[in-house]
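Everything on this sheet refers to the single structure shown next.
Start at 1 and go down the list; that is how both ligands and their atoms are numbered.
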Amino acid sequence: MKLRVFDNEELVARALGERIASAVRQRPNIVLGLPTGRTPIATYAELRRLHLEQGLSFARASTFNLDEFVGLHGRHPGSFRFFMQRHLFDTVDLAPERIHFLDGMAADLDVECERYERDIAALGGIDLQVLGIGSNGHIGFNEPAEELVANTHHVELHEGTRRDNAAQFGGDPARVPREALSMGMGTILRAGALILVATGERKARCIERTVRGPVTTRLPASFLQMHRAVEVYLDRPAASLLAVE
Ligand code: PGA
């Protein structure tokens with residue numbers, strides 16, 4: 001894993017925004033995998049800025065988001081689709097037909113998961129997958145467990161994860177959906193390149209275990225060690241348990 005440590009969150013967002021922008025410039029028809037969460041908000045702001053001020057174009061790019069709640073339509077303010085519209089899609093010039101999302105309202109969720117895998121494969125796979133990490137080591141909604149499901153699948157969310165997502169639901173964890181659809185670790189590991197981003201001291205322990213620890217389903221992020229092209233973008237607090245400069 002290639003570690004990149006920055007003094008603060010703002011510098012992480014600037015560097016990661018520039019890293020993504022340069023991949024898009026190099027390969028305008030790139031297929032991007034995108035995360036939601038608090039961590040990437042500043043990076044999306046940087047991408048909006050690069051689009052508005054420097055003409056960075058996403059017109060030929062495609063995107064696949066990692067996950068979505070079950071039972072919410074894309075206009076629900078708690079949905080990840082809504083989050084992405086607000087933080088990126090409404091501003092940049094992505095073609096709507098090249099934005100791919102799991103549909104948490106699909107009548108048959110298993111069929112919907114298979115559809116997503118097929119759509120990813122049809123575009124030749126994801127070139128660059130950006131990932132956040134939960135403080136319990138989850139990636140997408142691949143929660144720590146005895147076993148993991150490799151492909152896109154239907155998941156039951158842990159209580160802690162529902163609490164972490166309560167902000168978009170009026171601060172009430174009880175209103176956070178109990179289920180979600182998520183790319184599996186296999187879907188993620190098939191991407192050409194991976195970028196994991198984490199900021200804040202809350203993530204330090206799981207980052208240390210992700211980078212240095214054994215590969216275990218008890219920490220889904222540890223599976224990233226098995227990919228040949230992983231970059232990890234960290235601020236100093238998130239890197240505080242790693243002995244790196
Ligand atoms: P966060 O979430 O960026 O809000 O900490 C990350 C995640 O749960 O994947």
Would you list the atom pairs, donor with acceptor, under 3.5 Å between side chains in residues 81-89 and any protein atom, with sequence neighbours excluded?
from, atom 1, to, atom 2, distance (Å)
R81, NE, Q85, OE1, 2.8
R81, NH2, Q85, OE1, 2.9
Q85, NE2, D90, OD1, 2.6

Return a table of donor-acceptor pairs under 3.5 angstrom between the side chains of residues 184-201 and protein atoms on other chains or two or more places apart.
from, atom 1, to, atom 2, distance (Å)
T187, OG1, E117, OE2, 2.6
T187, OG1, T152, N, 3.4
T187, OG1, G184, N, 3.1
R190, NH2, E117, OE1, 3.0
R190, NH2, N151, OD1, 2.8

In a table with atom names and distances, give each donor-acceptor pair under 3.5 Å that connects a side chain of residues 20-38 to protein atoms at least two apart or in another chain.
from, atom 1, to, atom 2, distance (Å)
R25, NH1, E18, OE2, 3.1
R27, NH1, D127, OD1, 3.2

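Between E10 and R14 a salt bridge is recorded (basic side-chain N to carboxylate O distance below 4.0 Å). Using a cut-off of 4.0 Å between Lys/Arg side-chain N and Asp/Glu carboxylate O, E53 and R49 are scored as salt-bridged.
In this structure, Y116 and F64 have perpendicular ring planes: the angle between them is above 60°, well past the 30° mark.
At a heavy-atom cutoff of 4.0 Å, ligand 1 is surrounded by G37, R38, T39, G132, I133, G134, H138, R202, K203.
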